[in-house]
Amino acid sequence: MNGISLSSLILCFLLTTFLSGQSYSYRLETILSSPRDSVQLEQLSELLVEVINAGEVVPDSMFEHPLRLAQELNDFWTLGIVHSNRGVYYLNTGRIEEGLVAIDKAISFAYKSKQEDLLARAYATKMQMLMVIGDTEECAELATARAKIYHDSGQFYYEAETYQVLAGLSSSLGDNELTVRYDSMAIALAEQSGYVDLQVLCFSNAAENLNILGRPEEGLVMAEKSLALAREYKLQFEKGNALSAHAESHLMLGNYDEALKDYELLKDWEGEASFDWLKINKGLLLQRIGRHDESRELLLGLVRSIREKSNSPLELKKAYQMLQTVGLNQSQYDTVVWYGKLMKAQQDSLQSVKNIRNLLELEEKYKAEEKEVQIQLQEEQLARQRISLYATIFGFVLAFVAGVVFYLLSRRLKKRNFENEQLLADKETLIGEIHHRVKNNLQVISSLLQLQQRGLDSDDAKGREALRESQTRVNAMGLIHKKLYQGDEVTTFQMSDYLNDLGDTLIRTYLLEGQVDIFYDVEEIILDVDKAIPLGLIVNELVTNSLKYAFPVGREGTIEIVLHQEKDQFRLAVIDDGVGVTSAKEHADSTSFGNNLIRLLTKKLKGNVRVLAGEGYGVEISFAA
C-alpha cells in the first residue's frame, strides 16, 4: 500500500512538472512571437523570475533570450537584472563558478546603468557565493570595501546588510569578538536607516550567530526583539526568520516545549512551501524529544534537497552531523561510519577557509584609514583657523580705525536722520490735513447738493434724482478721505470697512433699510487712493442702480458686494436678485451717464467689465493688482 502511494505521488509530481514546463514553454513561445521591443523584454524578464521562484529547472535559453534583446536595445539595467537573476539561480543550484561569472557581469552592467540598488544586490549575492565556496579572505575584503563605500555615501541600509554578511562569516568560523561587533554595527545601522524589516532581520541574524557561538541566553533576547517587531508591524516574511531564531535559542537552552511551539507556528507560516534552513534544527529538536524516525526522515530529505539545490558544504556538514545522532543502521541508510566519512569530506571542502582574524585586520585598516582622513581634516581645519586668526587680528585693527570714522559719521548721519524723520512726520501731518480739508469740502458740496435738491419743485423728479446721484458720488469720495484722515496710513486703507460703510450709507439714502439687505464678501484688501476712489465710485454706481431699479413696489431682496484677490488680479462683483434687466421698469428720464462713468472708471483701473448671466442683475470687473 505504501509503495502504491509513493508511486502515485511521484507520478503526480512528474505530471505536474511536465505540465508546468509545457505552460512555461508555451508562454515563452507566445512572448517571442510578439514584436521585439521593450514590452517583450519586460515580459521575458518577468517570466524568468517566475520560473526561478517556482523552483523549476531554467534552461540557458530562458536567460539568453532577454539578454540578446536587452543588448539590442542597449538596456544596461535589464542586462544587469538578468545576469543577477542568473547568478542567484546558479547559487541555488550549486553552480557557484558559473554564478560568479554571471554576477560579475551583473555588477558591470549595474555600474553602467548607475543603479545603486542593483549594484548592492549583486555584491550581496557575490558575497554569499564566496562564503559558500569558503573563499573567506576575498569575501571579507569585498564586504569591508563595500561597507566603507556605503558608510561614506550614507547608505545605511546597504551598509547594515554588508555587516550582516561579515557577522555571519565570523560566526561560522567561531570568532566571537568580531561576530558581536559586526552584529552590533548592523543593528545600529538598521535602526538609523528607519527600515523596520531590516531591523527584524538584523536582530534574528544576531540571535542565530549568538546561538552558533554557544550563547543562547543572549540569542534568545535578540530573537524576542526580532519577533516582537515582526508581529507589531505584521512583517510575514521576516516573522519566519524571527521564529526560527527564537526556536533555535529555546532548543539550545533545553526549552523543548517552547521550541516545539515555535516550530508549530513556523509550520503554519510555511504553508505549502518548504525551506531547508528550518529543517536542521527541527531535526535536532525531534531527536531531543525522542521522535527519531521523524527526525531521520526529515534530515534525509534535507540532504537530498541540498544536493539538488545549493550543494553547500556548510549546510551538508550540519545535516550529516545531525544524521549521526538519530539511530541510523546499515539497513536504513548505510552506517554511522559512512556519515562520518561524508562529514570528513565536507570538512575537507572547507579547509580553504583561512583564519577569520584577517577580518579584524581589515576592520582595523578601515578604522585607520578613517582616522587618517579625520587627522587630515583636522589639520586642514587648523590651517583655516590660523588664517582666520590672522584675518581676525587684521580685521580688528581695521575695525578700530573704521570705528573711529564710523563714530564721526554716525553722529552726522544721526542728526540727518532726525531731520528726515521730522520732515516725514510733517509731510504725513500735512497730507492728513489735506485729506481732512478735502473731506470737509466734499461734505460742503454734498450739503449744497442736498439744499439744491430741496429747492426744486416736487414734480421735477429728474432733477432731484440727478442731484441725489451726484450727492452719493460726492459722499463716496468723501468717505475715502475720511478713512484716510482717521487711519494710521495717509495713502492706503482697508477696503472691507470702506465698502461696508458705503453700502450702509446708500441703503439709508434710498430709504430701503427694511426692504433690501446688502451681503459683503470682501477680503482684507488694502488699496492706495488712486485705485480706491475709482473702485468706490464704481460700487456706488452699481449699488445705486440696483436700489433704483431692481426692487420696485416694495419687492424685498439682497445685493451682494464681492471683492477678492486671485493671484495678480482683483475681482469686483455687484450682484442683485431683483427683477433683472428685462423686467426692470423703463425710465424715460434715465440717461446712460452711470454706465459711461463705470466704463471710464474701469478703463482708468486698466480692467475689464462684463455683465453676469443668471437671475437678477450682476456686473463683474477685474483689474490688475
Side-chain angles (χ1 to χ4, degrees), residues 38 41-42 44-46 48-49 52-53 58 63-64 66-92 95-133 135-169 182 185-186 188-190 192-195 197-199 201-202 205 237-238 359 362-363 365-366 369-370 373:
S38 58
L41 181 59
E42 183 179 354
L44 287 171
S45 300
E46 290 175 353
L48 176 62
V49 172
I52 292 174
N53 290 340
V58 184
F63 294 106
E64 295 303 328
L67 287 174
R68 282 197 295 269
L69 182 53
Q71 192 73 47
E72 292 175 16
L73 299 175
N74 288 325
D75 189 340
F76 296 137
W77 181 78
T78 302
L79 283 168
I81 287 290
V82 176
H83 280 300
S84 180
N85 290 335
R86 195 173 204 170
V88 171
Y89 174 71
Y90 287 156
L91 171 62
N92 292 338
R95 298 159 64 181
I96 306 301
E97 296 299 329
E98 296 172 88
L100 285 170
V101 173
I103 211 66
D104 283 337
K105 291 180 180 179
I107 290 171
S108 174
F109 285 114
Y111 276 117
K112 288 182 179 180
S113 62
K114 299 179 180 179
Q115 294 292 327
E116 290 295 332
D117 288 343
L118 175 58
L119 187 64
R121 296 276 77 77
Y123 271 122
T125 304
K126 184 171 184 177
M127 284 183 270
Q128 291 178 30
M129 291 179 178
L130 293 172
M131 286 179 66
V132 169
I133 64 174
D135 196 342
T136 312
E137 184 174 5
E138 184 177 352
C139 180
E141 290 178 352
L142 178 58
T144 306
R146 295 308 303 173
K148 185 177 187 304
I149 291 171
Y150 298 143
H151 176 79
D152 293 341
S153 59
Q155 296 172 295
F156 303 127
Y157 190 100
Y158 301 136
E159 189 180 1
E161 284 190 328
T162 306
Y163 278 117
Q164 282 188 86
V165 173
L166 288 169
L169 194 57
Y182 288 134
M185 294 173 72
L189 288 165
Q192 196 170 356
S193 74
Y195 288 92
D197 57 341
L198 181 61
Q199 294 175 40
L201 290 176
C202 285
N205 286 343
F237 175 77
E238 292 78 5
L359 292 178
L362 290 169
E363 176 68 13
K365 180 181 177 182
Y366 169 53
E369 289 176 356
E370 276 197 336
V373 172

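Sequential numbering from 1 along the given sequence is applied to the chain's residues.
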Could you state the interatomic distance from [atom1] ([X]) to [atom2] ([Y]), rounded to the nearest 0.5 Å?
| X | Y | atom1 | atom2 | result |
| --- | --- | --- | --- | --- |
| M129 | D104 | CE | CG | 9.0 Å |
| L130 | K126 | CG | NZ | 6.5 Å |
| K112 | D75 | NZ | CG | 12.5 Å |
| E42 | L44 | CD | CG | 10.5 Å |
| I81 | R121 | CD1 | CZ | 10.5 Å |
| R146 | Y123 | CZ | OH | 5.0 Å |

### All side-chain contact (heavy atoms from CB on, under 4.5 Å) counterparts of A143, not counting sequence neighbours
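Checked A143 against side-chain contact (heavy atoms from CB on, under 4.5 Å); matches are M127, T162, L166.
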
Minimum-distance pair of heavy atoms, taken over all atoms of [X] and [Y]:
| X | Y | value |
| --- | --- | --- |
| L201 | Q164 | O-OE1, 3.6 Å |
| L118 | S84 | CD1-CB, 4.3 Å |
| L79 | L67 | CD2-O, 3.5 Å |
| T78 | S45 | CG2-OG, 3.6 Å |
| R95 | Y89 | NH1-CE2, 4.1 Å |
| Y157 | S193 | N-CB, 4.1 Å |

### Message
Classify the ring geometry of Y90 against F63: parallel below 30°, tilted from 30° to 60°, perpendicular beyond 60°.
### Response
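The arrangement is tilted - the two ring planes meet at 30° to 60°.
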
### Message
Checking side-chain polar atoms at under 3.5 Å, does Q155 have a donor or acceptor matched by the opposite partner on S153?
### Response
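The criterion, which ignores hydrogens and geometry beyond distance, is satisfied for S153 and Q155.
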
#### Entry: Side chain proximity check, V165 to Q128, heavy atoms < 4.5 angstrom
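When only atoms from C-beta onward are counted, Q128 and V165 do not touch, as no gap falls below 4.5 Å.
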
### Message
I'd like to check I103 versus H83 (side-chain heavy atoms, cut-off strictly below 4.5 Å). Are they in contact?
### Response
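Not touching, per the 4.5 Å side-chain cut-off.
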
### Task
Tell me, with the steps shown, if L48 and I52 meet side-chain contact (heavy atoms from CB on, under 4.5 Å).
CA-CA 6 Å; L48 176 62; I52 292 174; 4.1 Å; yes

### Task
With sequence neighbours left out, write down each residue that passes salt bridge (Lys or Arg N to Asp or Glu O under 4.0 Å) with E64, or none if nothing qualifies.
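Here the qualifying residues are R86.
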
